[in-house]
Amino acid sequence: MQYNPVLKLSAFMLSAFTLFGCNQEKKVDTADSAKAESQAEIAKDSKTIAISAIVEHPSLDDIRRGIISGLADLGYKDGQNLTVNFQSAQGNMATASQIAKQFASENPDAIVAISTPTSQSLAAATQTIPLIYTAVSDPVAAKLIDNNGVATQANITGLSSQLPLEPQIELFTKVKPNAKRIGYVYSPGEANSVALKDRLNELLPKYGMTLVDIPANRSADVAAATRALDGRADLIYTSLDNNVASAMEAMVQVANELDLPIIASDEFSVRRGAAAALGVNDFDFGVVTAKLVAGVLDGKKPADIKPSIMNDLTLYISPKHALEQGVALVDEIKKDAIDVDVVPKK
């Protein structure tokens with residue numbers, strides 16, 4: 001048979017085309033398979049969380065932002081594989097109860113409760129949906145954990161800020177060395193505020209001080225309660241009380257008139273008018289809370305995640321606000337503090 005180069009070339013091209021086509025088909029199949037697996041993985045990892053706070057104010061808002069940011073760093077990104085439903089009770093306990101019941105009926109993958117009243121409402125509403133509390137200063141008094149640090153319900157874990165009082169009292173003496181009468185405006189409806197009042201009454205006499213406590217049932221009562229300290233207190237202490245935090249500007253206005261320095265336990269109270277504060281960073285507190293939430297979303301049971309305490313204290317000061325409240329901050333305080341008058345918020 002005579003050699004035909006054209007036929008051989010045609011056969012070679014047909015063979016090559018067939019091989020190329022098979023490889024391309026295999027590549028397309030592989031890509032489609034990977035895409036399908038990726039979509040299945042995204043669907044598997046998609047989660048929904050519900051977040052509620054008793055009220056919106058800068059401190060609690062920053063904790064919430066820290067939670068969302070922390071979850072994103074851990075692979076749960078809002079709007080991608082995470083759906084976040086946030087609701088505020090606007091300072092109303094009846095509304096907090098309604099939100100808790102709504103969240104329980106919606107059955108999200110996890111619920112995050114910001115503040116003591118919200119945590120209590122949500123704990124009463126569900127014993128099955130994972131509940132992570134945060135911004136709770138005394139979870140024992142709130143009946144979220146027992147005296148041994150064990151959650152009172154199997155679906156509960158969380159992060160608290162049980163601030164040691166001794167450093168707070170030492171700060172009183174540095175801000176106003178002759179202070180003997182400590183004014184305390186608080187919400188009698190918040191278990192954490194009542195528990196703090198009891199601790200102060202027990203501890204202050206050891207420092208030669210007494211507590212002058214004035215209840216404020218609503219945020220609207222904070223200004224009048226502060227004015228009731230006129231002539232009865234040497235300084236004002238406030239710590240994680242949501243009624244007071246919601247009306248900080250009203251307290252500051254009266255304190256400025258009365259020359260009563262305000263000492264708080266969060267950065268934003270200083271930015272809003274207090275003279276000084278010793279407490280945790282709110283955003284960082286949210287980021288640490290996010291680790292507990294992510295653990296639940298990853299499949300851990302709340303009962304296997306031990307409730308935690310965060311007490312990394314930072315001193316915040318405002319020499320400007322201190323002067324407006326009748327005191328000048330000494331260099332000893334300034335050298336170890338973040339001066340909010342010159343350092344912007346994170």
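Both backbone and side-chain heavy atoms feed into the values below; hydrogens, waters and symmetry mates do not.
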Taking a hydrophobic cluster as the set of Ile, Leu, Val, Met, Phe, Trp and Tyr residues connected by side-chain heavy atoms closer than 4.5 Å, whether directly or through intermediates, do [X] and [Y] fall within one such cluster?
| X | Y | value |
| --- | --- | --- |
| Ile49 | Leu60 | yes |
| Ile214 | Met248 | yes |
| Phe268 | Tyr316 | no |
| Val293 | Leu74 | no |
| Phe285 | Val112 | yes |

For the [atom1] atom of [X] and the [atom2] atom of [Y], what is their distance to the nearest 0.5 Å?
| X | Y | atom1 | atom2 | value |
| --- | --- | --- | --- | --- |
| Asp259 | Lys176 | CG | NZ | 7.5 Å |
| Thr210 | Leu200 | OG1 | CG | 11.5 Å |
| Tyr76 | Lys47 | OH | NZ | 6.0 Å |
| Ser160 | Asp138 | OG | CG | 8.0 Å |
| Asp298 | Ile305 | CG | CD1 | 9.0 Å |
| Ser59 | Asp266 | OG | CG | 4.5 Å |

Within the distance-only criterion (no hydrogens, no angle test), does the side chain of [X] pair as donor or acceptor with the backbone N or O of [Y] below 3.5 angstrom?
| X | Y | answer |
| --- | --- | --- |
| Thr118 | Ser115 | no |
| Arg199 | Ala195 | no |
| Asp221 | Arg218 | yes |
| Thr173 | Glu170 | yes |
| Asn192 | Ser137 | no |
| Asn81 | Gly75 | yes |
| His321 | Ala274 | yes |
| Gln325 | Gly273 | yes |
| Glu56 | Ser88 | no |

- Run through Ile129, Asn85, Thr126, Ile51 and flag the one making a side-chain contact (heavy atoms from CB on, under 4.5 Å) with Phe103. Asn85
- Message: I need the single residue from Leu260, Ile262, Val327, Ile182 that forms a side-chain contact (heavy atoms from CB on, under 4.5 Å) with Leu235. Which is it?
- Response: Ile182
Show the nearest heavy-atom pair for residues [X] and [Y], with the distance to one decimal.
| X | Y | answer |
| --- | --- | --- |
| Ser119 | Ala113 | OG-CB, 3.4 Å |
| Ala275 | Val270 | O-CG1, 4.3 Å |
| Ala264 | Ser269 | CB-CB, 3.5 Å |
| Leu292 | Ser308 | CD2-OG, 4.4 Å |
| Ala225 | Pro215 | CB-O, 3.9 Å |
| Ile156 | Ala123 | CD1-CB, 3.9 Å |

- Query: Would Val185 and Leu229 count as a side-chain contact (heavy atoms from CB on, under 4.5 Å) if you check the C-alpha gap in whole Å, the side-chain angles of each, and the deciding distance to 0.1 Å?
  - Reply: CA-CA 9 Å; Val185 176; Leu229 293 171; 4.0 Å; yes
Do [X] and [Y] make a side-chain contact, defined as non-hydrogen atoms from C-beta onward lying under 4.5 Å apart?
| X | Y | value |
| --- | --- | --- |
| Ile236 | Tyr184 | no |
| Ile309 | Leu159 | no |
| Leu240 | Ser265 | yes |
| Tyr207 | Glu166 | yes |
| Ser161 | Met310 | no |
| Thr134 | Ile63 | yes |
| Ile338 | Leu315 | no |
| Tyr186 | Asp213 | yes |

[X], [atom1] atom: more than 12 neighbouring heavy atoms under 6.0 Å:
| X | atom1 | answer |
| --- | --- | --- |
| Asn178 | CG | yes |
| Lys197 | NZ | yes |
| Gln102 | CD | yes |

I'd like to know if [X] and [Y] make a salt bridge, using a cut-off of under 4.0 Å between side-chain N and carboxylate O.
| X | Y | result |
| --- | --- | --- |
| Asp234 | Arg181 | yes |
| Asp230 | Arg227 | no |
| Lys301 | Asp304 | no |

- Task: Please assess Glu249 against Gln253 for the test side-chain hydrogen bond (donor to acceptor under 3.5 Å, both in side chains), listing each intermediate value before the final yes or no.
- Result: CA-CA 6 Å; Glu249 286 77 9; Gln253 183 177 350; over 6 Å; no
- Donor-acceptor pair between Ser187 and Asp241 side chains, under 3.5 angstrom: no
- Query: Have Gln127 and Asn155 got a donor and an acceptor in their side chains that come within less than 3.5 Å?
  - Reply: no
- Query: Between Glu267 and Arg271, is a salt bridge (Lys or Arg N to Asp or Glu O under 4.0 Å) present by the stated rule, with each step listed?
  - Reply: CA-CA 7 Å; Glu267 172 187 0; Arg271 294 191 180 278; 2.8 Å; yes
- Query: Can you list the steps and then say if Gln90 with Asn92 is a side-chain hydrogen bond (donor to acceptor under 3.5 Å, both in side chains)?
  - Reply: CA-CA 6 Å; Gln90 301 299 329; Asn92 188 304; over 6 Å; no
- Task: Determine, stepwise, if the pair Ile111 / Ser52 fulfils side-chain contact (heavy atoms from CB on, under 4.5 Å).
- Result: CA-CA 8 Å; Ile111 298 175; Ser52 185; over 6 Å; no
- Go through Asp339 and Lys334 one step at a time and tell me if the side-chain contact (heavy atoms from CB on, under 4.5 Å) criterion holds. CA-CA 7 Å; Asp339 184 345; Lys334 294 178 181 179; over 6 Å; no
- Task: Applying side-chain contact (heavy atoms from CB on, under 4.5 Å), run through Asp78 and Leu71 and close with a yes or a no.
- Result: CA-CA 8 Å; Asp78 186 16; Leu71 284 171; over 6 Å; no
